[in-house]
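Read the structure below first, then the notes.
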There are 2 protein chains.
Amino acid sequence: MRYYIKMNDDIIIWLERLSALHKSQIRKSAAIEGVQLVHLEILQYLSICNKYSNTAQGISEYLGQTKSSISQSLKFIEKVGHIKREPNSNDKRSYQIFLTKDGKECIKRMNESSTPDLSEVGDIVGNIKTILYKWQEQNDLKGFGQCKSCYFNKILEKGGFQCGLTQEPLSETDIQQICREYKFK
Amino acid sequence: MRYYIKMNDDIIIWLERLSALHKSQIRKSAAIEGVQLVHLEILQYLSICNKYSNTAQGISEYLGQTKSSISQSLKFIEKVGHIKREPNSNDKRSYQIFLTKDGKECIKRMNESSTPDLSEVGDIVGNIKTILYKWQEQNDLKGFGQCKSCYFNKILEKGGFQCGLTQEPLSETDIQQICREYKFK
DNA sequence: TTTATATAGTATCGCATCTAAACTAACTTG
DNA sequence: CAAGTTAGTTTAGATGCGATACTATATAAA
């Protein structure tokens, strides 16, 4: 007995292939860099997340792995020299994690070797975002997203932006990054 | 020093989030089913691949993991009862792998719990395929794809389809599945 | 036919990830 | 100040993973 594949299922097939391919690519880069898959996934996350999201807990939520697992991975990539930690001034239990020069170079090599060149962009991004938000929403997951499309992000009259949650000012660069506290508007 | 994020990089951010989310979802389902992440990935692949692709080697290429690793995983999910193997009549070294009733139910549960409902489809599928093919192409990877859009697939005058590689007739259902030998046209 | 080479899959080993559970420390709430 | 929550670590056991070496079959070249 075969499966009857519905229209909507087509999307899933391609999404799953996309994910498998992505994972496969990262794994390849990891082998070249002499680290494990998860280590590069962490570095990649750190390269795009904002200052409210670069914690062990944030990584755990993003990657869907337990804190304990992430904790061990962080220990390793810190020893190797890809990241450095700095105590969080607001919360003594917590610390922020940053990529070192070494870690940034590592991610740069990875991106160069595995990023598709998509010249004619069109509304691909919009479509992907649609999929993503629906998926996150329906599964009651932490909704990571870019500040620039976040409910809390305010555009200031005098120029620049402000986060409605923390009241902190945000730069043009800041709002490109993704945040743990993202809320769909 | 922050990163300057280019236009094209936006796509990558969303793609990577999509992949992370997908992985995270599968991991959750795996925990519920009492198996490992990779086991569900294998079952999922088997549920969409065609009869030329349901081998250990095919799984290895799709998931980007070594044969030895896949071999061990297969041993486990066979023991658990999710798959069964049948010798390949053409090649005595090889065998085909099929989902058992049990395995199909497992995948069904997984899909139901983690598939986004995308009513307004639009050309999302087309966009995702574009990304996928470019990505695979540029990285010289085995290009998994559906027979219906494959270079080798022929539409017969008397109805139905035929694979130009194996010369075998293909049904409407067959051409929905993905194949190891897929070639972009 | 013989030889060489490639391919499909397995077995074993050591390392590294992963989760669960128990833990410390700090923050928050009543 | 007591109770509950949250951030992160540690340990232990199970298991994935790649490397290597292996068997068996298929294919190509001599």
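Convention: sequence-line order gives letters A, B, ...; per-chain numbering from 1. The structure displayed is predicted, hence computed values, not measured ones.
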Legend entry - Pair listing, side-chain hydrogen bond (donor to acceptor under 3.5 Å, both in side chains) test, anchored in residues 30-40 of chain B, at least two apart: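 Sorted result for residues 30-40 of chain B: Glu33(B)-Arg109(B).
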
Inset, instruction - Evaluate whether atom CG of Leu156(A) has more than 12 neighbouring non-hydrogen atoms of other residues, nucleotides or ligands under 6.0 angstrom away. - result: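 Atom CG in Leu156(A) is packed in, count exceeds 12.
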
Separation of [N] [atom2] from [X] [atom1] (nearest whole Å):
| X | N | atom1 | atom2 | answer |
| --- | --- | --- | --- | --- |
| Leu74(A) | dG8(D) | CG | C1' | 10 Å |
| Lys23(B) | dT17(C) | NZ | P | 12 Å |
| Asn90(A) | dC27(C) | CG | C1' | 12 Å |
| Asn88(B) | dA8(C) | CG | C1' | 10 Å |
| Lys79(A) | dT17(C) | NZ | P | 9 Å |

Inset, instruction - By nearest nucleotide on DNA chain D, pick out whichever of Ser73(B) and Gly58(A) is the more 5' one. - result: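 Mapping each residue to its closest nucleotide by heavy atoms, the 5'-most match is Gly58(A).
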
Inset, instruction - Could you say whether Arg27(A) or Gln96(A) is positioned toward the 5' end of DNA chain D, judged by the nucleotide with the nearest heavy atom to each? - result: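 The residue closer to the strand's 5' end, by nearest nucleotide, is Gln96(A).
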
Inset, instruction - Look at all strands and tell whether Phe76(A) reaches a base, only sugar-phosphate, or nothing, counting heavy atoms closer than 4.0 Å. - result: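 Answer is nothing: Phe76(A) stays at 4.0 Å or more from every strand.
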
Which of the following nucleotides, [options], is nearest to the side chain of [X]?
| X | options | value |
| --- | --- | --- |
| Asp91(A) | dG18(D), dA26(C), dT17(C) | dA26(C) |
| His39(A) | dT10(D), dT9(D), dT17(C) | dT17(C) |
| Arg93(B) | dT7(C), dA7(D), dT10(D) | dT7(C) |

Please write out the pairs of protein N or O atoms and N or O atoms of nucleotides 19-22 of chain D separated by less than 3.5 Å, giving the distance to one decimal.
{"from": "dA19(D)", "atom 1": "N6", "to": "Ser68(B)", "atom 2": "OG", "distance (Å)": "3.0"}

